[in-house]
Q: 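Have a look at this one.
Since the structure is predicted, the reported quantities are computational estimates derived from the model, not experimental observations. To find a chain, count down the sequence lines: A is the first, B the second, and so on, and within it residues start at 1.
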Amino acid sequence: MASRLQPIRGTRDLLPEACRAHARVEGACRRVAERYGYGEIRTPILEPTPVFLRTLGDATDVVQKEMYTFEDRNGESLTLRPENTAGVARAVLSNGLLNDMPLKLHYAGPMFRHERPQKGRYRQFHQTGVELFGVPEPAGDVEAIAMGGDVLSELGVLDATRLEINTLGDTESRRRYLRALVAFLSSHRDALSDVGRERLERNPMRVLDSKEEADRQVVADAPSLLDHLNAEAGVFFDKVLAGLDALGFGYTVNPRIVRGFDYYCHTAFEFVTDRLGAQGTVIGGGRYDGLMEQMGGPALPGVGWASGVERLVMLTDDAAPAAHPIAIVPLGAAAERRALVLAHALRRQGFAVDLGYRGNLKRRMQRANRVEASHALILGDGELARGVVTLRDLDSGEQTELSIDRVSESLPRRG
RNA sequence: GUGGCUAUAGCUCAGUCGGUUAGAGCGCCUGGUUGUGGUCCAGGAGGUCGUCGGUUCGAAUCCGACUAGCCACCCCA
């Protein structure tokens, strides 16, 4: 347990079993995305810092104190991506993908935030996500949410989550509401907690999801955004909800869902679970119509979400079994050489084959057992002389002899 | 970033009031079996007791700092 050899705080090694679990979650997302016609995109982990500064909003915690930002050797400020929507949006502009709308993209990969680690929260963590550009209609929001639900369904945990949804309104509604909210909160300033007062200064909407008891009491009587929606924003939200109703997705409207990043508008939603403690959001997303313009591109609406792979792994947690290989057990130098050729041939035919590097029969049989082989192919001098191998079923112990040239015909395709 | 709890073998954990050589189970290695694994039996390897410092005749045990993990806050996916 030499501390010098530990991975840096908040990061960890994913050993084969954990990698299978990650692949299972990422595979579910990939399958769903492809059903909806989304193509994969892989953007750099490292971006110029302004990509995030301009889009996330400089009042957010992520930008203020969680980004891994440093100068490279040329003096340019670089940042390890704390999320991927900004990077994907940048890639859309960089590659001139604006002429083929709607543009549907999905991704998976590591993100980095310098937070204090705890369960379900790491400094290097993994997200899968989808982004839909060029669809201003509420049908886009419905599709995105449906995809999130489908991923959870694919993983068998849709029932373990609930969908919470809110609207942040359009720019006009939001501006009107913000005025009303600030006026209200300011008049109750003395009743707010320290946290609440600080949020009132920096990001008034965030007072709404403060957990301080004092703030909750004040907020209980605060004006609701839902009452300040203009006709257009109200209709938009109603259409999103109607779409979810039509598809049979249950949801609760939660006016306290507020997005951390500035680029969100209209729909904000989360799939949350109470099985993971304090980090219960497994998928979170919403609409971000203002993002492209903030980045210096044309006005282009977008909607999408990201899922926390580690959290979904914890939620689904069933062990992903490794393949059951065929173990080849040669005895003697001549058989050893023949076994190498046989193993190669079988692997090329798609079989998982375990071939040890040394040891007598007993040793190799023990190894076959340890790698959970379904069958052993025993090849000794006697078999070699007759052109056969002994096939042993490692569950039943039954043994039969097979012609060495036709072994594959008698093997189970995936053990 | 704040608070609380924790850190002993590869893993999960015991370890009394501070007292000689720090234990168990699982796993690993060897043997019982010359061409037959799993189960069983016997034996073995493996530990700067997270790190550094302090108190003490003596520290895994008490104290402090640091590091890391966990839980909550915070934040978010």
Q: Does a side-chain heavy-atom distance below 4.5 Å link Asn84(A) with Met111(A)?
A: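 Touching, per the 4.5 Å side-chain cut-off.
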Q: Using the P atoms only, state how far C5(B) lies from A65(B), rounded to an integer number of Å.
A: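 Taking atom P in both A65(B) and C5(B), they lie 12 Å apart.
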Q: Please identify each residue that fulfils side-chain hydrogen bond (donor to acceptor under 3.5 Å, both in side chains) with Glu71(A), with sequence neighbours left out.
A: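 Glu71(A): no side-chain hydrogen bond (donor to acceptor under 3.5 Å, both in side chains) contacts found.
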Q: Which is true for Gln366(A) with a 4.0 Å heavy-atom rule: it touches a base, it touches only sugar-phosphate, or it touches nothing?
A: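 Sugar-phosphate contact only - Gln366(A) comes under 4.0 Å of backbone atoms but never of a base.
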Q: With the threshold set at 4.0 Å, does a side-chain nitrogen-carboxylate oxygen contact exist between Glu47(A) and Arg90(A)?
A: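 Looking at Glu47(A) and Arg90(A), the cut-off is met.
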Q: Which donor-acceptor pairs under 3.5 Å do the side chains of residues 131-149 of chain A make with protein atoms, sequence neighbours left out?
A:
residue, atom, partner, partner atom, Å
Glu131(A), OE1, Tyr288(A), OH, 2.5
Glu131(A), OE2, Thr85(A), OG1, 2.8
Asp141(A), OD1, Arg287(A), NE, 3.0
Asp141(A), OD1, Arg287(A), NH2, 2.6
Asp141(A), OD2, Thr267(A), OG1, 2.6
Asp141(A), OD2, Arg287(A), NE, 3.1
Glu143(A), OE2, Tyr38(A), OH, 2.5

Q: Does Arg116(A) put a side-chain nitrogen or oxygen below 4.0 Å from OP1 or OP2 of C74(B)?
A: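 Indeed not, no polar side-chain atom of Arg116(A) lies that close.
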Q: Polar atoms only, N or O, under 3.5 Å: list the protein pairs with nucleotides 34-36 of chain B and their distances.
A:
residue, atom, partner, partner atom, Å
G35(B), O6, Gly382(A), N, 3.4
G35(B), O6, Glu383(A), OE1, 3.3
G35(B), N1, Glu383(A), OE1, 2.9
G35(B), N1, Glu383(A), OE2, 3.1
G35(B), N2, Glu383(A), OE2, 2.7
U36(B), O2, Arg392(A), NE, 3.4
U36(B), O2, Arg392(A), NH1, 3.3
U36(B), O2, Gln399(A), OE1, 3.2
U36(B), N3, Gln399(A), OE1, 2.7
U36(B), O4, Gln399(A), NE2, 3.1

Q: Roughly how many Å apart are U6(B) and G25(B), using the P atom of each and rounding to a whole number?
A: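 Here G25(B) and U6(B) have their P atoms 27 Å from each other.
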Q: Answer with yes or no whether the side chains of Arg54(A) and Gln294(A) bring together a donor and an acceptor at under 3.5 Å.
A: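 Not at all, the side chains of Gln294(A) and Arg54(A) share no donor-acceptor pair under 3.5 Å.
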Q: For RNA chain B, which residues of residues 118-130 of chain A approach it to below 4.0 angstrom with any heavy atom?
A: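 Residues of residues 118-130 of chain A under 4.0 Å from RNA chain B: Gln118(A), Lys119(A), Gly120(A), Arg121(A), Phe125(A), Gln127(A).
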Q: Could you tell me which residues satisfy salt bridge (charged side-chain N to carboxylate O under 4.0 Å, His left out) with Arg406(A), sequence neighbours excluded, listed by chain and number?
A: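 Per chain and number, Arg406(A) pairs via salt bridge (charged side-chain N to carboxylate O under 4.0 Å, His left out) with Glu409(A).
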Q: Give me each pair satisfying salt bridge (Lys or Arg N to Asp or Glu O under 4.0 Å) with a member in residues 144-153 of chain A, each pair once, sequence neighbours excluded.
A: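 For residues 144-153 of chain A, and leaving out neighbouring residues, there are no salt bridge (Lys or Arg N to Asp or Glu O under 4.0 Å) pairs at all.
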Q: Report which part of the nucleic acid Glu66(A) touches: base, sugar-phosphate, or nothing (heavy-atom distance under 4.0 Å, all strands).
A: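 Result for Glu66(A) = sugar-phosphate.
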Q: Over all strands shown, is Gly10(A) touching base, sugar-phosphate only, or nothing at heavy-atom distances under 4.0 angstrom?
A: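 Sugar-phosphate, no base atom in range.
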Q: Can you list the residues that meet the salt bridge (charged side-chain N to carboxylate O under 4.0 Å, His left out) rule with Glu372(A), with sequence neighbours excluded?
A: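 Glu372(A) satisfies salt bridge (charged side-chain N to carboxylate O under 4.0 Å, His left out) with no other residue.
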Q: Contact class for Asn84(A) vs. all strands (heavy atom < 4.0 Å): base, sugar-phosphate, or nothing?
A: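 No contact.
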Q: Residues in salt bridge (charged side-chain N to carboxylate O under 4.0 Å, His left out) with Arg42(A), at least two apart?
A: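 Once residues adjacent in sequence are excluded, the partners of Arg42(A) under the salt bridge (charged side-chain N to carboxylate O under 4.0 Å, His left out) criterion are Glu40(A).
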Q: Please name all residues satisfying side-chain hydrogen bond (donor to acceptor under 3.5 Å, both in side chains) with His126(A), sequence neighbours left out, ordered by chain then number.
A: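 Expected list: Glu310(A).
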Q: For residues 330-344 of chain A, which residue pairs qualify under side-chain hydrogen bond (donor to acceptor under 3.5 Å, both in side chains), counting only residues two or more places apart or in two chains?
A: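 Found Glu336(A)-Arg364(A).
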Q: Using a cut-off of 4.0 Å on non-hydrogen atoms, how would the nucleic acid contact of Ala278(A) be classed: base, sugar-phosphate, or nothing?
A: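 Ala278(A): base contact, heavy atoms under 4.0 Å.
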Q: Quick one: list whatever passes side-chain hydrogen bond (donor to acceptor under 3.5 Å, both in side chains) with Thr273(A), sequence neighbours left out.
A: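 Partners of Thr273(A) by the side-chain hydrogen bond (donor to acceptor under 3.5 Å, both in side chains) criterion come out as none, since no residue qualifies.
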Q: Could you give the distance separating A9(B) and G47(B) at their C1' atoms, to the nearest angstrom?
A: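 Taking atom C1' in both G47(B) and A9(B), they lie 5 Å apart.
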Q: Any chance you could encode RNA chain B as dot-bracket? Rule is Watson-Crick or G-U wobble with both distances under 3.5 Å; [ ] for pairs crossing earlier ones, | for another strand.
A: (((((((..((((.....[...)))).(((((.......))))).....(((((..]....))))))))))))....
Q: Using a 4.0 Å heavy-atom cut-off, does Ile283(A) contact any base of the nucleic acid, only the sugar-phosphate backbone, or nothing at all?
A: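 If one applies the 4.0 Å heavy-atom cut-off, Ile283(A) turns out to touch the sugar-phosphate alone, with no base involved.
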Q: Suppose you measure atom P in U39(B) against the same atom in G46(B); what distance do you get, rounded to whole Å?
A: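 Roughly 25 Å separates the two P atoms.
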Q: For nucleotides U33(B) and U48(B), find the distance between their P atoms and express it as a whole number of Å.
A: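 U33(B) and U48(B) have their P atoms separated by 37 Å.
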Q: Rounded to whole angstroms, how far apart are CG on Leu276(A) and P on C71(B)?
A: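 Rounding to the nearest Å, CG of Leu276(A) and P of C71(B) are 10 Å apart.
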Q: If you go through the side-chain atoms of Asn369(A), does one of them form a donor-acceptor pair with the base of G38(B) closer than 3.5 Å?
A: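 No pair found.
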Q: For C29(B) and Arg363(A) - does any side-chain N or O of the residue sit under 4.0 Å from the phosphate oxygens OP1/OP2?
A: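 Answer is no, no contact under 4.0 Å.
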